[in-house]
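One structure is given here, and the rest of the page talks about it.
FYI, the numbering just counts along the sequence from 1. Numbering of ligands and ligand atoms starts at 1, following listing order. Only heavy atoms go into these numbers, but all of them, side chains included; no hydrogens, no water, no symmetry mates.
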Amino acid sequence: MSNTHSNSHPRRIVVKVGSNVLTRPDGMPNTTNMSALVDQIAALRAIGHEIVLVSSGAVACGRGAVTPRHTLDSVAARQLYSSIGQIRLINLYSQFFAGYGIVIGQVLTQKENFSSRSAYLNQRACMLTMLENGVIPVVNENDTVSLTELMFTDNDELSAMIASMVDADTLIILSNVDGVYTGAPTDASSRLISRVAPGQDLTDCVVAAKSGFGRGGMGSKCGMASKVACEGITVIIARGDRPGVLVDVIEHPDRVPHTLFEPAAPLSTVKRWIAHSTSFAKGIITVDARAAEALRSDRAVSLLPVGVTAVEGEWEEGDIIAVNGPDGCRIAMGRAATDSTEAAASAGHRGCRPLVHYDYLYLE
Ligand code: GLU
């Protein structure tokens, strides 16, 4: 990557933009906001940064195009509207980016594509090949086929998983407010929080309300932002309709209000994958207080059978499992080093091989 004009080092940046920025209240694409977004992404590319765009808006953009013949349930409505809206969105992006000579590619994904290590690496390889060839991946959930129980919570979660997958330096979540406030953003006494330290508790600050078309809200943004920052990725939440916001948050951060989540030490690629695999766990191992304390310590400790008090579920070596403490709360996720039969047989015994090796253990 050339980096002749950038004030900052060249970065791999995932930009997440929500339905409310991309669509008008009547369900038509907001071409003004889309074209401004494209201008800024082109400007970031021109100074050496690599961009992945995670764009919502498929369902919202399809809504205005068709009147269903009879009332649809929420799944059918999402499928119908997204099938129409996604091509509208991608066509507009394609045209706007073509104005800068930039080629984009569409990545429609599902949560299942993150469930096995091989599917995950396949999806990752696709995105890295696109970036290597100067193509901007434009990512969304494939809402025409995803099932309610195995959907991304929202595109905030999708963008977090994509940032983690492509080893992004920075994730920028564009919202309809300037960032995270100490109270409701509309309340005059609320202050914008400009920096959040890794692991900082924000529960008192986050107002659960969500707005408009999208599925997310500030609560889900903060949860995802904190998690991804703890994996070693800088996360920025900023207001999407501020002119020049994307370039400013990267190149001139003093010029634009935003919230920055400081990154912790980076996790390995495999631990990042495990971090986002909670919904794919095939079983649960419960450990006693001593083992829980050892796992939570600063030392590199593998999960040994000696501290295991219960084994639930059936799994094969290599599957994802959850690790609970004695109080039943999850303390870690891991990739099993044995199958569930061996885990159950060795539970409570000394001198047996680890059930999850430290390199494959992600602590919550
Ligand atoms: N994938 C959905 C869409 O494109 C958006 C999900 C969300 O709002 O986060 O309409």
Side-chain angles (χ1 to χ4, degrees), residues 14-31 33-34 37-38 52-66 68 72-94 104-114 123 127 136-165 171-177 206 208-225 227-228 235 237-241 276 279:
V14 173
V15 177
K16 185 264 169 176
V17 56
S19 305
N20 294 312
V21 176
L22 296 170
T23 41
R24 304 191 320 209
D26 64 1
M28 297 302 283
N30 187 329
T31 47
N33 283 355
M34 286 181 80
L37 179 71
V38 169
V52 174
L53 177 60
V54 176
S55 175
S56 306
V59 174
C61 275
R63 218 176 277 277
V66 63
L72 298 175
D73 63 36
S74 60
V75 173
R78 198 177 72 241
Q79 291 176 326
L80 176 67
Y81 296 142
S82 67
S83 70
I84 304 161
Q86 180 64 27
I87 51 172
R88 294 183 148 196
L89 274 182
I90 213 77
N91 276 326
L92 284 167
Y93 279 129
S94 183
I104 63 161
Q106 175 174 257
V107 177
L108 290 179
T109 190
Q110 286 173 263
K111 207 162 188 181
E112 277 111 309
N113 296 338
F114 293 72
Q123 175 87 82
M127 313 245 315
I136 295 188
V138 180
V139 186
N140 197 1
E141 180 166 12
N142 188 349
D143 294 294
T144 63
V145 289
S146 51
L147 298 163
T148 312
E149 58 277 16
L150 244 196
M151 269 161 63
F152 297 101
T153 323
D154 49 45
N155 272 17
D156 298 323
E157 180 182 38
L158 172 61
S159 67
M161 289 169 82
I162 293 288
S164 181
M165 175 183 260
L171 166 64
I172 304 176
I173 300 179
L174 293 179
S175 171
N176 52 3
V177 288
V206 174
K210 62 174 245 31
S211 56
F213 285 126
R215 290 209 298 271
M218 196 45 85
S220 99
K221 284 182 181 48
C222 272
M224 278 301 144
K227 180 164 187 168
V228 172
V235 184
I237 301 181
R239 185 171 168 141
D241 61 1
H276 294 277
S279 43

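Thr109 and Asn113 form a side-chain donor-acceptor contact under 3.5 Å, judged by distance and modelled atom types alone. Checked by atom type, the side-chain pair Asn33/Asp241 shows no donor-acceptor distance below 3.5 Å. A donor-acceptor contact closer than 3.5 angstrom is absent between the side chains of Ser82 and Asp143.
Between the side chain of Asp154 and the backbone N or O of Glu157 there is at least one donor-acceptor pair closer than 3.5 Å.
Proximity of Asn155 to ligand 1, defined as any heavy-atom pair under 4.0 Å, is shared by backbone and side chain alike. With a 4.0 Å heavy-atom cut-off, ligand 1 is reached by no atom of Asp156.
Remark: ligand 1 and Val59 share an N or O pair separated by less than 3.5 Å (distance only, no angle test). Between Asn140 and ligand 1, at least one N/O pair is under 3.5 Å apart.
Not a single heavy atom of Ser82 sits less than 4.0 Å from an atom of ligand 1.
Of the charged side-chain nitrogens involved, none lies within less than 4.0 Å of a carboxylate oxygen, so that Lys111 and Glu141 do not count as a salt-bridged pair.
Screening Leu158, Val54, Ile172, Ile173 for a side-chain contact (heavy atoms from CB on, under 4.5 Å) involving Val14 leaves a single residue, Val54.
Those atoms of ligand 1 with a heavy atom of Asp143 less than 4.0 angstrom away are 1 (N), 2 (C), 3 (C), 4 (O). Every atom of ligand 1 with a heavy atom of Asp154 under 4.0 Å away is listed here by number and element: 9 (O). Set against the non-hydrogen atoms of Ser56, the atoms of ligand 1 under 4.0 Å away are 4 (O), 5 (C).
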